[in-house]
Amino acid sequence: MFSACGLIASDKNDNRQKRVLITGGSGGVGTAAIQLAVNHFGVSKTNVFTTCSSLKSDLCGRLGAGNCVDYRKEKFEKTLATSSFDELFDLILDCTDEAGKCVGLLKPRVGVLCSILAGPTAVALRTWLAESKISDADITVGVKGFLMSDWGGRIFELVSGARALKKRCRERGGCEFKHVIGTGDGEMCEILGKLMATGLFVPCVDSLFEMVDAVEAFVYQMGGIKHGGKVVVRIN
């Protein structure tokens, strides 16, 4: 996700000055994103902001977020709003389907907003289809051709909401909106393995369920994660 938004691990000196907002910092993606921003890409902890409940702010702080906004008590888009260019964000990672609230927090001209939920783009879907190596035989006839075509992509983004988000970002001095659909990534797994070996990345598991309790796991997750991190179902 970070690489898709322009962060390069070798540019740590430059990254250190960048301001990053990660919505949903205590979730499965958020806990990983905070650690990668600080420990792999070199963003300064003081420049990493996240949204979470006050009960999970300690967790996010330990992982590397220097600033936590309690979304239950305040609207982050108002709390973080400012007229100062330097206090706005170079990069915002939307992990909570709140991309629309984030546009006004981007640095005009240079800001990038990336979501894993809001506004799927045609590029993101095409990339996912290519990286996941799904056989054409497993795709409904006509769907791939539709998505790969220019007109199909435009219709898809109109329906998904990506077109509107792109437009709002462009109107903010030329900011960008991107969407990422996760796939297995051998290179990132290797990076995570090295970070884990040195204690710079800690997998956050909220709870563990056995396969026979999978339904209970879904019910638990839908009720709201209690501690932060992933709900894991163990397959024997």
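We're numbering straight along the sequence, starting at 1.
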Practice task
Show your reasoning for whether side chain to side chain contact (heavy atoms under 4.5 Å, CB included) applies to N15 and V20.
Solution key: CA-CA 10 Å; N15 291 344; V20 175; over 6 Å; no
Problem - Full working for side-chain hydrogen bond (donor to acceptor under 3.5 Å, both in side chains) between T82 and S84 - result: CA-CA 5 Å; T82 176; S84 170; 4.7 Å; no
Practice task
Determine, step by step, whether K18 and L91 satisfy the side chain to side chain contact (heavy atoms under 4.5 Å, CB included) criterion, reporting the C-alpha distance in whole Å, the side-chain angles of both residues, the deciding distance to 0.1 Å, and the verdict.
Solution key: CA-CA 8 Å; K18 293 185 182 296; L91 173 61; over 6 Å; no
Practice task
Determine, step by step, whether D150 and R154 satisfy the salt bridge (charged side-chain N to carboxylate O under 4.0 Å, His left out) criterion, reporting the C-alpha distance in whole Å, the side-chain angles of both residues, the deciding distance to 0.1 Å, and the verdict.
Solution key: CA-CA 6 Å; D150 288 339; R154 289 195 293 270; 5.1 Å; no
Practice task
Please test L129 against I139 for side chain to side chain contact (heavy atoms under 4.5 Å, CB included), starting from the C-alpha separation and ending with a verdict.
Solution key: CA-CA 10 Å; L129 284 171; I139 302 175; 4.1 Å; yes
Handout entry: Test log, rule side chain to side chain contact (heavy atoms under 4.5 Å, CB included), inputs I181 and L125
Key = CA-CA 7 Å; I181 303 174; L125 194 55; 3.9 Å; yes
Practice task
Check the pair Y220 / F209 against ring-ring contact (aromatic ring centres under 6.0 Å, His included), numbers first and verdict last.
Solution key: CA-CA 10 Å; Y220 174 83; F209 291 83; 5.7 Å; yes
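The residues E87 and R19 are annotated as not salt-bridged, no charged nitrogen and carboxylate oxygen being separated by less than 4.0 angstrom. Salt bridge status for K78 with E74: absent, with no side-chain N to carboxylate O gap under 4.0 Å. Note on D58 versus R62: no salt bridge recorded, every NZ/NE/NH1/NH2 to OD/OE distance being 4.0 Å or above. Using a 4.0 Å cut-off between a side-chain N of Lys or Arg and a carboxylate O of Asp or Glu, K107 and D90 qualify as a salt bridge. Note on D136 versus K144: salt bridge recorded, some NZ/NE/NH1/NH2 to OD/OE distance being below 4.0 Å. Ion pairing of E171 with R168 is absent here, as no side-chain N (NZ or NE/NH1/NH2) approaches a carboxylate O to less than 4.0 Å.
E210 is not listed as a side-chain neighbour of I235, based on a closest heavy-atom distance of 4.5 Å or more. Counting heavy atoms from C-beta on, the side chains of W128 and V180 never come closer than 4.5 Å. In this structure, K230 and D206 have side chains that are not in contact, with every pair of non-hydrogen atoms separated by 4.5 Å or more. E176 is not listed as a side-chain neighbour of C169, based on a closest heavy-atom distance of 4.5 Å or more. Inter-residue side-chain proximity for M211 and R234 is flagged as unmet; no heavy-atom pair is nearer than 4.5 Å. In this structure the side chain of C95 never reaches within 4.5 angstrom of the side chain of L117, judged on heavy atoms. Contact of the L55 side chain with the S26 side chain is not registered, since no non-hydrogen atoms from C-beta on lie closer than 4.5 Å. Residues P203 and T31 are not in side-chain contact: their nearest non-hydrogen atoms beyond the backbone lie 4.5 Å or more apart.
A side-chain donor-acceptor contact under 3.5 Å links H179 to the backbone of A118. Of the possible donor and acceptor atoms, one in the side chain of S149 sits under 3.5 Å from a partner among the backbone N and O of G152. Looking at S57, its side chain does come within 3.5 Å of a backbone N or O of S54 through a donor-acceptor pair.
Placement of Y71 and L93 in two distinct hydrophobic clusters is found when ILVMFWY residues are connected by side-chain heavy-atom separations under 4.5 Å, directly or transitively. Linking Ile, Leu, Val, Met, Phe, Trp and Tyr whenever their side-chain heavy atoms come within less than 4.5 Å puts I92 and L80 in one cluster. Under the 4.5 Å side-chain heavy-atom criterion for grouping Ile, Leu, Val, Met, Phe, Trp and Tyr, M148 is connected to W151 within one hydrophobic cluster. Under a hydrophobic clustering in which Ile, Leu, Val, Met, Phe, Trp and Tyr are joined whenever their side-chain heavy atoms come within less than 4.5 Å, directly or via other members, V29 and V232 fall into different clusters. Under the 4.5 Å side-chain heavy-atom criterion for ILVMFWY residues, no single connected hydrophobic cluster contains both V112 and L88.
Under the 6.0 Å cut-off for aromatic ring centres, F146 and F156 do not qualify, their centroids lying 6.0 Å or more apart.
Between C68 and C52, the shortest heavy-atom contact is CB-SG, 4.0 Å. C175 and V110 get closest at one heavy-atom pair: SG-N, 4.5 Å. Closest of all the heavy-atom pairs between V233 and A217 is CG2-CB, 3.8 Å. Considering every non-hydrogen atom in both S115 and A99, the closest pair reads CB-CB, 4.4 Å. Here the closest non-hydrogen pair linking A65 and I34 is N-CG2, 3.5 Å.
In this structure, the separation between CG on L200 and CD on Q35 is 9.0 Å, given to the nearest 0.5 Å. To the nearest 0.5 Å, atom OG of residue S53 and atom CZ of residue R72 are 4.5 Å apart. Summarising the geometry, atom CZ belonging to R163 is positioned 9.0 Å from atom CD belonging to E157; distances are rounded to the nearest 0.5 Å. Between atom CZ of residue F177 and atom CG of residue D94 there is a gap of 7.5 Å, rounded to the nearest 0.5 Å. Of the inter-residue distances, the one linking S160 atom OG with L165 atom CG reads 8.0 Å to the nearest 0.5 angstrom. Atom CD of residue E98 and atom NZ of residue K75 lie 11.5 Å apart, to the nearest 0.5 angstrom.
When the shell of 6.0 Å around CZ of R172 is examined, it contains more than 12 heavy atoms from other residues, nucleotides or ligands.
Of the options D97, T50, T96, T51, a side chain to side chain donor-acceptor pair (under 3.5 Å) to T23 is made by T96 and by none of the others. Test L113, L106, N67, L105 against L21 for side-chain contact (heavy atoms from CB on, under 4.5 Å) and you get one pass: L105.
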